[in-house]
Amino acid sequence: MKLKLKIAVLLASILLFTIIIQASGYKIYTNNDPDKDKILIFTLRNILTRSHFVSKEIDDDFSEYVFNKFIDDLSPNKKFFTEKDIKSFSKYKYKIDNQILKDDISFYKEVFKKFTKNIEKTKSYYKKLLSKPFNYKKDETIKIDYKEIHFVRNDKKLKNHWRKIVKLRTLIRIRDNQAKQKAKALKDKKYKVKGFEELEKEAREEVQKDIEDMFIRLEELNHEDWFSVFLNCIVSAFDPHTAYLAPRAKEFFDQDMSGKLEGIGARLNKRGAYINVVELVYGGPAWKQKELEAGDIILEVAQGDKKPVDIIGMRLGDAVRLIKGKKGTEVRLTVKKKIDGSIKIISIIRDVVELEETFVKSSVVEKDGKKFGLINLPKFYIKFDEKNYRDSYKDMKAEVERLKKESVEGLIIDLRGNGGGSLKTAIDISGLFIDEGPVVQIKYRDQNPIVKKDTDSRTQWKGALVILVDEFSASASEIFAAAMQDYKRAVIIGGKQTHGKGTVQSILPINKFIRYDKDLGVIKITIQKFYRINGGSTQKEGVYSDIEIPSRYTYMKFGERDMERALPWDKIKQTNYTVKNSYKNFYEVVSNSKKRISETPNFNLLKEYAKWLKKQQDDTEYSLKYNLFVKESELKEKQSEKFKSVFEYNSNLKFSSPNYELPLIKKDSVFRSKRTNWHKDLSKDAYIEEAVNVLSELELKSEEKLVKSY
């Protein structure tokens with residue numbers, strides 16, 4: 001079945017579902033109806049049971065999951081509820097499924113009511129606890145893995161739990177401040193060293209400020225935010241990637257997918273009551289205007305010549321919405337300047353802001369007289385509703401052409417940290433490296449697989465290809481890497497296996513399912529599963545590297561396989577495709593690399609470091625006795641010194657920008673600085689060096705031998 005027909009079927013099911021709702025006699029709500037929460041429960045329940053990839057019963061197991069997850073999400077560190085509270089909630093443990101089927105939210109109301117009450121109660125704890133020094137001679141410990149501990153028995157125990165939490169945070173601050181002071185004293189012999197009492201007092205004040213900020217952020221969340229937490233406990237019972245996005249959350253999702261926004265191009269945060277400028281986005285309106293600077297505090301926001309709005313004390317999200325706006329409109333910011341404290345009104349014309357770190361970029365490196373190209377692809381980005389807007393396929397195609405003009409003999413594509421994005425661009429990018437043929441299989445619930453193909457017979461790059469992956473490479477990254485591996489078109493280098501996200505999500509606006517005159521948000525729902533062209537799912541297993549390189553995550557629980565409620569791995573029939581035996585010496589090169597990695601001191605040390613990190617991760621108990629805490633901290637610091645050289649590695653490879661970037665580098669100091677820093681990081685990257693080594697050894701066949709695979 002063609003994709004267009006599949007979309008038509010999905011739209012038809014939406015229409016049918018809407019008719020079912022209306023025909024069932026369910027009330028069609030208006031803006032004035034107070035039961036919006038029940039509407040969301042009803043609609044989401046029906047969407048999930050009808051459209052999710054997995055047919056799942058809403059039963060006692062489902063109820064128990066929602067019960068535990070909602071309580072854990074509200075109090076992940078067990079500092080807002082007691083055992084007594086949990087006991088009072090337990091009557092709902094196996095009844096939430098029945099409530100959801102009746103659009104009943106009694107469980108949510110009772111738990112949230114108690115949660116808000118407990119927030120007010122626990123707010124009184126920390127100020128009193130931090131008002132005087134702790135007893136640092138008391139021999140006591142705290143566990144920081146809250147999955148291993150139970151909720152405390154009563155309010156008295158809860159207060160003591162808070163005491164231990166803030167005491168630990170204070171001890172950590174004291175140690176941090178001691179280390180900073182030591183570093184300053186080494187640089188400046190005249191630096192006046194503070195005593196323990198002064199450092200301890202400063203540490204308590206810093207911890208108090210941090211906790212105050214935490215409570216401010218909690219208080220800024222409104223009913224929509226908290227009810228979204230509950231809804232996400234319900235939908236995540238189907239799988240970890242199904243999510244409810246409230247209208248405001250959808251804005252951030254769209255921005256992340258497209259790599260752009262419309263506004264002034266400034267990153268903001270909130271400190272206390274004030275909105276601070278953290279960073280200006282390179283090339284954005286504020287950066288071009290040159291008056292707004294990092295560290296400035298925004299006091300008021302005006303739309304053009306309209307009356308300004310005071311944003312002191314305003315929640316960050318609301319302030320951002322005032323500052324953002326359509327391209328070509330004016331915003332006037334009343335700002336307190338960091339440099340001299342003066343108050344200034346800054347006028348900025350909003351524009352499209354492209355988040356540069358989202359986009360493709362490339363570099364050139366030489367080894368043994370040969371030139372190679374490196375392309376960094378951080379995300380498979382696309383803007384679905386704008387045909388002329390840049391996407392990762394068009395950018396990748398352009399970058400490959402530019403590197404061909406540099407006469408590079410091989411390409412490295414860096415997918416490390418690439419969490420995926422658009423499936424369409426992953427298929428199109430795969431087509432740049434093969435003639436034509438299947439790239440991935442996708443499957444809906446209870447239906448036959450659909451084979452998605454590259455239909456363009458042209459191959460943009462026929463040369464040697466290496467793909468770098470890691471444990472964060474997921475979804476569309478895994479589709480691309482798997483296709484190149486199945487075709488034997490590229491050598492895959494990285495961690496043991498990629499993330500293992502082999503599912504496809506669709507964004508469904510909830511208002512399409514029910515008439516309601518306010519935006520109800522969207523559901524990101526798992527509707528399909530990915531399968532390689534060889535038939536294996538990428539779910540949980542991910543893509544196993546041809547050449548495994550140790551990483552700091554080697555022994556950690558990581559990836560889809562460690563996620564609660566993750567869908568299982570399975571296999572379907574492989575599709576017909578033609579393997580390209582592109583290389584004369586594929587297995588020899590892989591063998592050489594594995595031998596080189598096993599004999600490289602830096603990689604062996606990295607493997608040892610990964611084991612040490614796992615041990616630290618498993619060691620979740622800390623002493624709260626100062627002398628013992630210091631002793632434990634010093635031991636860890638001493639042990640970590642052994643691994644310092646892992647991060648001081650230098651390959652001595654030289655990286656440079658392709659020719660098309662040189663004019664921009666010459667005239668733009670900020671862009672020049674960004675590229676200089678990136679190239680410096682590349683030269684210190686042992687994974688990149690090994691990828692270059694592999695690329696330099698690969699030999700293409702003069703006449704490719706094609707082998708049929710069935």
Side-chain angles (χ1 to χ4, degrees), residues 360-378 396 399-400 402-404 406-418 426 429-434 459-473 477-498 542-551 579-597 600 603 651 653-655 658 679 681-683 685-701 704:
V360 169
K361 59 185 175 183
S362 70
S363 182
V364 177
V365 59
E366 288 193 39
K367 178 179 171 61
D368 300 331
K370 296 180 180 179
K371 288 171 72 175
F372 303 104
L374 167 72
I375 300 178
N376 178 258
L377 176 60
M396 176 68 83
E399 217 62 42
V400 171
R402 288 160 175 164
L403 289 171
K404 282 166 72 173
E406 302 280 340
S407 300
V408 298
E409 297 185 40
L411 280 182
I412 298 167
I413 298 177
D414 191 352
L415 296 180
R416 291 175 300 171
N418 185 324
I429 288 171
S430 297
L432 297 175
F433 305 100
I434 59 173
T459 304
Q460 192 191 20
W461 178 258
K462 295 184 178 182
L465 185 65
V466 167
I467 296 175
L468 265 174
V469 296
D470 65 7
E471 295 84 353
F472 295 93
S473 304
S477 291
E478 294 171 294
I479 293 307
F480 173 50
M484 296 301 100
Q485 189 176 60
D486 289 344
Y487 277 107
K488 287 195 172 5
R489 181 64 189 88
V491 180
I492 312 299
I493 301 180
K496 180 181 178 182
Q497 63 197 112
T498 55
V543 178
Y544 287 89
S545 296
D546 297 313
I547 299 169
E548 181 186 344
I549 304 181
S551 82
V579 177
K580 296 175 71 70
N581 282 330
S582 302
Y583 308 104
K584 293 179 182 178
N585 58 344
F586 180 90
Y587 296 104
E588 182 186 341
V589 170
V590 168
S591 178
N592 289 344
S593 178
K594 288 179 178 179
K595 186 173 185 294
R596 192 162 46 239
I597 289 166
T600 300
F603 285 136
S651 69
L653 291 172
K654 302 297 180 187
F655 294 83
H679 292 153
D681 289 341
L682 291 175
S683 69
D685 192 326
Y687 301 91
I688 293 286
E689 182 185 34
E690 185 53 31
V692 173
N693 289 337
V694 168
L695 200 55
S696 69
E697 291 181 5
L698 283 172
E699 295 178 26
L700 291 166
K701 289 184 176 179
E704 291 180 316

Is the backbone of Gly494 close enough, under 3.5 Å, to the side chain of Asp470 for a donor and an acceptor to pair up by distance?
-> no
Applying salt bridge (Lys or Arg N to Asp or Glu O under 4.0 Å), name anything that partners Lys584, two or more places apart in sequence or on another chain.
-> none
Across all chains, not counting sequence neighbours, the side chain to side chain contact (heavy atoms under 4.5 Å, CB included) partners of Gln497 are Tyr544, Arg561
Would you indicate whether the side-chain heavy atoms of Pro378 and Asn418 approach each other to under 4.5 Å?
-> no
Residue set satisfying side chain to side chain contact (heavy atoms under 4.5 Å, CB included) with Ser651, at least two apart, ordered chain then number -> Tyr649, Leu653, Ser683, Glu689
Heavy-atom distance under 4.5 Å between the side chains of Tyr487 and Asn581, does that happen here?
-> no
Interatomic spacing from CE in Met484 to CD1 in Ile429 - rounded to 0.5 Å = 10.5 Å
So, Asn592 side chain and Lys595 main chain: donor-acceptor pair closer than 3.5 Å or not?
-> no
What residues form a ring pair (Phe, Tyr, Trp, His ring centres under 6.0 Å) with Phe372, not counting sequence neighbours?
-> none
What residue pairs, at least two apart or across chains, pass salt bridge (Lys or Arg N to Asp or Glu O under 4.0 Å) with a residue in residues 362-375?
-> Lys371-Glu406
Closest non-hydrogen atom pair, Leu700 against Ala464 = CD1-N, 4.0 Å
To the nearest 0.5 Å, what is the distance between OH (Tyr687) and CD1 (Ile597)?
-> 9.5 Å
Got a second to check how far Glu699's CD is from Asn585's CG, nearest 0.5 Å?
-> 4.5 Å
Partners of Tyr583 by side-chain hydrogen bond (donor to acceptor under 3.5 Å, both in side chains), sequence neighbours excluded?
-> Arg489
Do Leu465 and Ile413 have side-chain heavy atoms sitting under 4.5 Å apart?
-> yes
With sequence neighbours excluded, tell me which residues meet side-chain hydrogen bond (donor to acceptor under 3.5 Å, both in side chains) with Ser696.
-> none
Taking all heavy atoms of Asp546 and all of Gln485, pick out the closest pair and write down the distance.
-> OD1-NE2, 3.1 Å
Which of parallel (below 30°), tilted (30 to 60°) and perpendicular (above 60°) describes Phe433 and Phe480?
-> tilted
Say you draw a straight line from OG of Ser593 to CD1 of Ile549; how long is it, rounded to the nearest 0.5 Å?
-> 6.0 Å
To the nearest 0.5 Å, what is the distance between CG (Leu415) and CG (Asn376)?
-> 9.0 Å
Verify side-chain contact (heavy atoms from CB on, under 4.5 Å) between Trp461 and Leu432, making sure each step is shown before the conclusion.
-> CA-CA 6 Å; Trp461 178 258; Leu432 297 175; 5.9 Å; no
Sub-4.5 Å side-chain heavy-atom contact between Ile547 and Ile492 | no
Would you say Ser591's side chain and Tyr587's backbone share a donor-acceptor pair under 3.5 angstrom?
-> no
Could you tell me which residues satisfy salt bridge (Lys or Arg N to Asp or Glu O under 4.0 Å) with Asp685, sequence neighbours excluded, listed by chain and number?
-> Arg416
Under the side-chain hydrogen bond (donor to acceptor under 3.5 Å, both in side chains) test, residues paired with Ser362 that sit two or more places apart = Glu399
Over all atoms of both residues, closest heavy-atom pair of Ile412 and Ala691 | CD1-CB, 3.8 Å
Applying salt bridge (Lys or Arg N to Asp or Glu O under 4.0 Å), name anything that partners Glu690, two or more places apart in sequence or on another chain.
-> Arg596
Where do Ile493 and Ser545 come nearest, in terms of heavy atoms and distance?
-> C-OG, 3.9 Å
Could you give the distance from NZ (Lys496) to OG (Ser551), rounded to the nearest 0.5 Å?
-> 12.0 Å
Closest non-hydrogen contact found for Leu695 with Leu411 is CD2-N, 3.5 Å
Please examine the side chains of Leu374 and Ile688, heavy atoms only from C-beta on, and report whether any two atoms are closer than 4.5 Å.
-> yes
By side-chain hydrogen bond (donor to acceptor under 3.5 Å, both in side chains) - contacts of Thr459 (at least two apart) = Asp435
For Lys404, does the NZ atom have more than 12 heavy-atom neighbours from other residues, nucleotides or ligands under 6.0 Å away?
-> yes
Go through the steps to decide whether Val360 and Ile375 satisfy the test side-chain contact (heavy atoms from CB on, under 4.5 Å), and finish with yes or no.
-> CA-CA 7 Å; Val360 169; Ile375 300 178; 3.6 Å; yes
Among all residues two or more places apart in sequence or in another chain, which pass the ring pair (Phe, Tyr, Trp, His ring centres under 6.0 Å) test with Phe472?
-> Tyr553, Phe558
Scanning both residues in full, the closest heavy-atom pair of Ser473 with Thr498 reads O-CB, 3.4 Å
